[in-house]
Amino acid sequence: MAVQAGALISTKWLADALKTRGKMRILDSSWYLPKLQRNAKSEFQIRHIPGAAFFDIDQCCDKTSPLDHMLPSEKVFADYVGNLGIENDTHVVVYDCSDYGAFSAPRVWWMFRVFGHNAVSLLNGGFRNWELEGRPVSNSYVRPPPAEFKAHLKSSGIKTYEDLLDNLDTKEFQVVDARPAGRFRGLEPEPRDNTEPGHIPGSFSIPFHSSLSDSGHFLPKDKLQELFIRAGVDLSRPICVSCGSGVTACTLALAAHECGHPGVSVYDGAWSEWYTRALPEYVISEGRGKHL
C-alpha cells in the first residue's frame, strides 16, 4: 500500500523513505519558461534524486490543444504514469529543481489529485534544499516495468473559459491569479509572444512565490492563511486559481490545501487562453497596449 504522508514532505522524510524502499515513486517534475534557457530533461540526466523518473508536463498533456500543456485525457494520463511504474496504490513524490524551491512540481501534484490519486506529496524545499543539505544525487536511471494505473477525472477540479466567463455574472467562485503583480496589473510584459499582461475582472492577486519562504519552503499554515486574507480572499468560499499557462497556479492550489480548503479548482487555459478569447473589456490592464 502507499505510504501515508501529507501533501508536503521534508527532505529528511524522503531520505528516510528511500532507505525503507516502500511502494513509492519519485518524479522530477521540472519545467522552465523558454526565456530561462534551461533544459529540464537534460539536467535530470546529469543529476536527480536517486530512483527518480522524469515527468514531462509538455508530453503528458493534450497535444490537440493550441495551448501549452493542457490537462490530458484520463487514458493519456493513465498510460503515461503507468509507463513510469506507478499504480493506484503507489505513493508519488514530486519535486522540481527551480530556484524558487517549487515551480512546476505543484502542477504535477495537482494533476495526480485531479485524476483521483491523493497519495501524492511534494518535496518541501525542492531539489534546491536536497542538494544544499548534501543528500545523495544520481545520474543513472533504470526504467521501471510498466504498471497499470486507472485515472478518474474529478471535473470539479478544473474550470474552463466558459466557467470563468459565466462567473463574471454569477460570482460563484473567487479567482486568484498566481502571476507576478506587475503582469497582473498590466505593467510588466508576459513571457509569451502576442499576449498582453492584465487580469480577469474581479480576480485577486497572490504571486505564487509569496507562498514560499526565502529558503524555498512553503510558509506555515497560519502565514499562508494570512496571505489569502490579506489579498481579500475568503477561504470559506470556493476558489479557482489561475496564472499564465496553468503551472504556477497549482502552487496556490497546494497552499490553499495546506490552509484546509476542501478543494480548489484550476483554470487550465489560464491567462494564455483568456487573453486570446475574451472581449477587450474583460482584459483589465493599467498598461494596455504597451507590451505588444
Side-chain angles (χ1 to χ4, degrees), residues 31 33-35 65-71 100 102-104 106-107 110 157-212 224-257 259 261 263-292:
W31 175 87
L33 288 164
K35 67 177 183 178
S65 173
L67 299 168
D68 291 339
H69 38 252
M70 291 285 284
L71 199 70
Y100 289 108
F103 183 77
S104 53
R107 167 75 182 190
W110 171 75
I158 310 167
K159 290 289 188 286
T160 65
Y161 170 79
E162 289 75 18
D163 293 330
L164 271 289
L165 198 60
D166 289 344
N167 192 64
L168 294 178
D169 293 325
T170 64
K171 296 178 172 54
E172 290 182 2
F173 52 85
Q174 303 161 100
V175 179
V176 185
D177 196 311
R179 291 172 300 149
R183 288 166 58 190
F184 177 87
R185 293 177 59 189
L187 301 177
E188 295 176 3
E190 288 291 311
R192 290 172 176 80
D193 294 335
N194 303 314
T195 305
E196 191 174 353
H199 62 267
I200 298 167
S203 55
F204 300 92
S205 174
I206 303 180
F208 81 93
H209 56 80
S210 60
S211 64
L212 303 167
L224 290 174
Q225 289 173 329
E226 288 176 14
L227 187 67
F228 282 97
I229 293 168
R230 200 161 55 240
V233 179
D234 183 348
L235 284 167
S236 69
R237 293 190 57 235
I239 294 172
C240 171
V241 289
S242 182
C243 59
S245 65
V247 175
T248 58
C250 300
T251 302
L252 293 187
L254 201 159
H257 176 86
C259 291
H261 198 284
V264 176
S265 58
V266 172
Y267 174 25
D268 202 27
W271 185 250
S272 295
E273 180 181 40
W274 185 265
Y275 179 77
T276 302
R277 298 183 62 183
L279 294 172
E281 58 263 36
Y282 293 152
V283 174
I284 308 301
S285 173
E286 295 177 34
R288 185 182 294 275
K290 294 180 180 180
H291 301 284
L292 284 179

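The analysis underlying the following values was restricted to heavy atoms, covering all of them including side chains, and did not include hydrogens, waters or symmetry mates. Please read all numbers here as calculations on a predicted model, not as lab measurements.
- D177 approaches C243 most closely through the heavy-atom pair OD1-CA, 4.1 Å.
- For R183, the salt bridge (charged side-chain N to carboxylate O under 4.0 Å, His left out) partners at least two apart in sequence or on another chain are E190.
- The side-chain heavy atoms of V283 and E196, taken from C-beta on, include no pair separated by under 4.5 Å.
- Here the closest non-hydrogen pair linking P201 and W274 is CD-CZ2, 4.2 Å.
- Note that CZ of F184 and OG of S242 are 10.0 Å apart. Values are rounded to the nearest 0.5 Å.
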When you look at R277 and E162, which way does the side chain to side chain contact (heavy atoms under 4.5 Å, CB included) test go after all the steps?
CA-CA 10 Å; R277 298 183 62 183; E162 289 75 18; 3.0 Å; yes
What side-chain donor-acceptor pairs closer than 3.5 Å can you find for residues 246-254, not counting sequence neighbours?
{"residue": "T251", "atom": "OG1", "partner": "T248", "partner atom": "O", "Å": "3.4"}

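- The salt bridge (charged side-chain N to carboxylate O under 4.0 Å, His left out) search around R192 returns D68, not counting sequence neighbours.
- Electrostatic pairing of R107 and D268 counts as a salt bridge here, judged by a charged N lying under 4.0 Å from a carboxylate O.
- Counting only heavy atoms from C-beta outward, the side chains of S245 and H69 approach each other to under 4.5 Å.
- Between F103 and W31, the ring planes are parallel. Angles under 30° get that label, and only those over 60° would be called perpendicular.
- Without hydrogens or angle criteria, R185 side chain to G287 main chain gives no donor-acceptor distance under 3.5 Å.
- The side-chain heavy atoms of N194 and T276, taken from C-beta on, include no pair separated by under 4.5 Å.
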Pair V175, Y267 - check side chain to side chain contact (heavy atoms under 4.5 Å, CB included), show working.
CA-CA 9 Å; V175 179; Y267 174 25; over 6 Å; no
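- Between F228 and C259 there is a side-chain heavy-atom pair separated by less than 4.5 Å.
- Put simply, the side chain of Y282 does not reach to within 4.5 Å of the side chain of I284, judged on heavy atoms.
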